[in-house]
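In this text the structure is predicted, and so the values were computed from the model without any measurement.
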Amino acid sequence: MNQMVLHHLSKFHKQMSKMTAEMFEDEYLMKALHDAAFGMVLPDPGIGGGTMLAHRLQVPLVYNVRWVIQGEAHWLIAPSPLAYVPFIATELTDKMSFLQRVKNVLLFITVMYYMPTITEPHYKPLVEHYFGPDVDYNTFFLDADIWLMRNDFVFEFPRPTMPNIVYMGGFQCKPPKSLPVELEAFVQSSGEHGIIMMTLGTLVGKLPQVLTEEIAAAFAQFPQKVIWRYTGPKPSNLGNNTLLVNWLLQNDLLGHPKMKVFVTHGGTKGIQEAIYHGVPIVGLPLFFDQSDNLSRIKAKGGARVVDISYLDRDIFADQLRTVIYNSSYRENMQRLSALHRDQPINPLDKAVFWIEYVLRHKGASHLKAQSTKMPWYVYHSIDVIATLLLILLFVSFTFILTVRLFFKIFLKNKVKAE
């Protein structure tokens, strides 16, 4: 993550902290919120204000989460052995060589040290001001009753978890609806070749013109029809097979039987929908966790990933060609789809159950481990290990002194006897 992105993230949290302070200082608003007697708060934990409001109203807190303001949720509340749990942004798997484990440890130390500098300066003063200086800032944002995790172990590598983490990966996925008439006609015109869909998410509607021209030239080489969400100037070399749209019906297109490959930036939502519908991926990661997300699908055999810094028409076309015509990519995504769908309860129904559970029982404190309230040296038993080592050293030292003293007395008595 480059410095510009980090700078903008810091500015964003600064504005959010100001908004939170203004909310707390608005007596009329706070009274209205108290009087409403809400049963719980379900905030976006990537912004600190919702969590602070839940604590302020003294009501249960449920997270809809992959990220909180301090980092990725698993790494903050669940045991995460670095030997087989790849840290964010490493693009590693759960099978690491020695050098990869070194990389994993070093990046973990670096990011966990640096991450608080983005948010802590903005939220910590608010926590101290409104909740008291004795409140531990580091655990304040981790005290949620239930963490609704927007992934699962079809997407994630196996790893330890916690009793108050509920996995609801793909909760937004559903069977496709019929396409609008004109769009369906375009899709059907692809014949036996099928379609390619490309979108880089809500935030990125266009790319630099040089990259756009290269992508358009690559698409023009294929017999497939292409539906591309693109809001910039029309590429001069756009092929007759490519339809530019300002918005697209992503879930409905992914579920269409003519869908051949999904070109995506690697957002969690899009990847989960691709898994649900069993559609292979060509990834163009841009920022945040996108490279890491795509690396997981690549490791499971369902994707190819293109570094956008080196993208040209030949590289891009080669990756598309590989995914479209090598059946293993579709087969692997179909296997992941079968695993994802084979659940005793729909992910959305599971999430609804746990939200209602918290409302019924006014929280779920019995599921919250004390680990989130422990300093790191207590969590890792460093104090216990240090104490035991000191006792061992003391006992060893005492034993050595005692033995030396006995030898001294024995030798002295022996000399006297002689």
For this session: Taking only Lys NZ, Arg NE, NH1 and NH2, and the carboxylate oxygens of Asp or Glu, determine whether K373 and D136 approach each other closer than 4.0 Å.
Result: no
For this session: Indicate yes or no: at least one non-hydrogen side-chain atom of M259 is less than 4.5 angstrom from one of L253.
Result: yes
Problem set entry | Main-chain N/O of L320 paired with R304 side-chain donor or acceptor, under 3.5 Å | no
For this session: Measure the spacing between OG of S80 and CD of E72 and express it to the nearest 0.5 Å.
Result: 8.0 Å
Problem set entry | Under 3.5 Å: donor-acceptor pair, side chain of D292, backbone of E91 | yes
Exercise. Do other residues, nucleotides or ligands put more than 12 heavy atoms under 6.0 Å from N240 CG?
Worked result: no
Seminar exercise, completed: Sequence neighbours excluded, the answer for side-chain contact (heavy atoms from CB on, under 4.5 Å) partners of T398 is F394, T402
Problem set entry | Reported CD1-to-NE2 distance for the pair I324 and H193, which is rounded to 0.5 angstrom | 11.0 Å
For this session: Verify the neighbour count for atom OH of Y325: are there more than 12 heavy atoms of other residues, nucleotides or ligands below 6.0 Å?
Result: yes
Exercise. Does the side chain of I109 reach to within under 4.5 Å of the side chain of M112, using non-hydrogen atoms?
Worked result: no
Exercise. In terms of heavy-atom contacts, does NZ of K298 have more than 12 from other residues, nucleotides or ligands at under 6.0 Å?
Worked result: no
Problem set entry | N/O donor-acceptor pair under 3.5 Å between K350 side chain and V166 backbone | no
Exercise. Does one side chain, of H122 or S10, offer a donor that lies under 3.5 Å from an acceptor on the other?
Worked result: yes
For this session: Can you measure from CG (L42) to CG (L61) and round to the nearest 0.5 angstrom?
Result: 8.5 Å
Exercise. What pair of heavy atoms forms the shortest contact from P280 to V323, and how long is it?
Worked result: CB-CG1, 3.5 Å
For this session: Determine, stepwise, if the pair K14 / K18 fulfils side chain to side chain contact (heavy atoms under 4.5 Å, CB included).
Result: CA-CA 6 Å; K14 183 178 181 180; K18 285 182 178 178; 4.0 Å; yes
Exercise. Are any of the side-chain heavy atoms of V187 and I227 separated by less than 4.5 Å?
Worked result: yes
Exercise. Any cation-pi pair here, K225 with F186, using under 6.0 Å and within 45°?
Worked result: yes
Exercise. Taking all non-hydrogen atoms of both residues, which atom of C173 and which atom of Q272 are closest, and how far apart?
Worked result: SG-O, 3.6 Å
Exercise. Are the side chain of D94 and the backbone of P86 linked by a donor-acceptor contact shorter than 3.5 Å?
Worked result: no
Problem set entry | Least distance between heavy atoms, N293 atom then R66 atom | OD1-NH1, 2.9 Å
For this session: Only counting residues at least two apart or in another chain, list the ones meeting side-chain contact (heavy atoms from CB on, under 4.5 Å) with A299.
Result: T93, F157
Exercise. Got L82 and R101 here, is their nearest side-chain heavy-atom distance under 4.5 Å?
Worked result: no
Problem set entry | Side-chain heavy atoms of Q172 within contact of K269, under 4.5 Å | yes
For this session: May I ask you to test the V245-L243 pair for a side-chain heavy-atom distance under 4.5 Å?
Result: yes
For this session: For the pair D44 (side chain) and N64 (backbone), establish whether a donor and an acceptor sit closer than 3.5 Å, ignoring hydrogens and angles.
Result: no
Seminar exercise, completed: By side-chain contact (heavy atoms from CB on, under 4.5 Å), S97 pairs with (sequence neighbours left out) L99, Q100
For this session: Tell me, please, whether F24 has R56 positioned over its six-membered ring: NZ or CZ under 6.0 Å from the ring centre and within 45 degrees of its axis?
Result: yes
Problem set entry | N/O donor-acceptor pair under 3.5 Å between R341 side chain and Y276 backbone | yes
Exercise. Which of these, I385, V384, I382, sits in a side-chain contact (heavy atoms from CB on, under 4.5 Å) with Y377?
Worked result: I382
For this session: Give me the ring orientation class for F141 and Y123: parallel if the planes are under 30° apart, tilted from 30 to 60°, perpendicular past 60°.
Result: perpendicular
Exercise. So do the side chains of Y63 and I146 get within less than 4.5 Å of each other, counting heavy atoms only?
Worked result: no
Exercise. Does Q224 offer a backbone N or O that forms a donor-acceptor pair with the side chain of N241 under 3.5 Å?
Worked result: yes
Problem set entry | For Q250 against G270, the heavy-atom pair lying closest together | NE2-CA, 3.5 Å
Problem set entry | side chain to side chain contact (heavy atoms under 4.5 Å, CB included) between F287 and Q290, worked out | CA-CA 6 Å; F287 40 67; Q290 295 163 9; 3.6 Å; yes
Problem set entry | Value rounded to 0.5 Å, distance of CE in M149 from OG1 in T268 | 11.5 Å
Problem set entry | Side chains of V261 and I281 in contact at under 4.5 Å (non-hydrogen atoms) | no
Problem set entry | E156 side-chain N/O to D152 backbone N/O, donor-acceptor pair under 3.5 Å | no
Exercise. Aromatic rings Y167 and F153: how do their planes relate, parallel, tilted or perpendicular, breaks at 30° and 60°?
Worked result: tilted
Exercise. Step by step, would you call I345 with D349 a side chain to side chain contact (heavy atoms under 4.5 Å, CB included)?
Worked result: CA-CA 7 Å; I345 182 171; D349 293 336; 3.8 Å; yes
Exercise. How long is the span from the CD1 atom in I118 to the CE atom in M115, to the nearest 0.5 Å?
Worked result: 5.0 Å
For this session: For the pair W67 and D289, evaluate side-chain hydrogen bond (donor to acceptor under 3.5 Å, both in side chains) and give the outcome as yes or no after the intermediate values.
Result: CA-CA 10 Å; W67 295 85; D289 60 342; 3.2 Å; yes
For this session: Would you please say whether a donor-acceptor pair under 3.5 Å links the side chains of N251 and H277?
Result: yes
Problem set entry | Donor + acceptor pair across side chains of R313, Q221 (<3.5 Å) | no
Exercise. Step by step, would you call W376 with Y379 a ring pair (Phe, Tyr, Trp, His ring centres under 6.0 Å)?
Worked result: CA-CA 5 Å; W376 66 270; Y379 178 83; over 10 Å; no
For this session: Supply the atom-to-atom distance L107 CG to Y114 OH, rounded to the nearest 0.5 angstrom.
Result: 13.5 Å
Exercise. Does any N or O in the side chain of T242 come within less than 3.5 Å of the main-chain N or O of L238, such that one atom is a donor and the other an acceptor?
Worked result: no
Exercise. Would you call E27-K31 a salt bridge at under 4.0 Å N-O?
Worked result: no
For this session: Determine yes or no for a side-chain-to-main-chain donor-acceptor pair under 3.5 angstrom, with N332 supplying the side chain and S328 the backbone.
Result: yes
Problem set entry | Minimum heavy-atom distance between K300 and R335, given as atom pair plus value | O-NH2, 3.6 Å
Seminar exercise, completed: N138 and Q70 have their tightest heavy-atom pair at O-NE2, 3.4 Å
For this session: Test the R360-F353 pair against the cation-pi criterion, namely NZ or CZ under 6.0 angstrom from the six-membered ring centroid and within 45° of the ring axis.
Result: yes
Problem set entry | Between E213 and S236, a side-chain donor and acceptor under 3.5 Å | yes
Exercise. So I196 and V263, side chain to side chain contact (heavy atoms under 4.5 Å, CB included) or not? Walk me through it.
Worked result: CA-CA 7 Å; I196 299 168; V263 181; 4.0 Å; yes
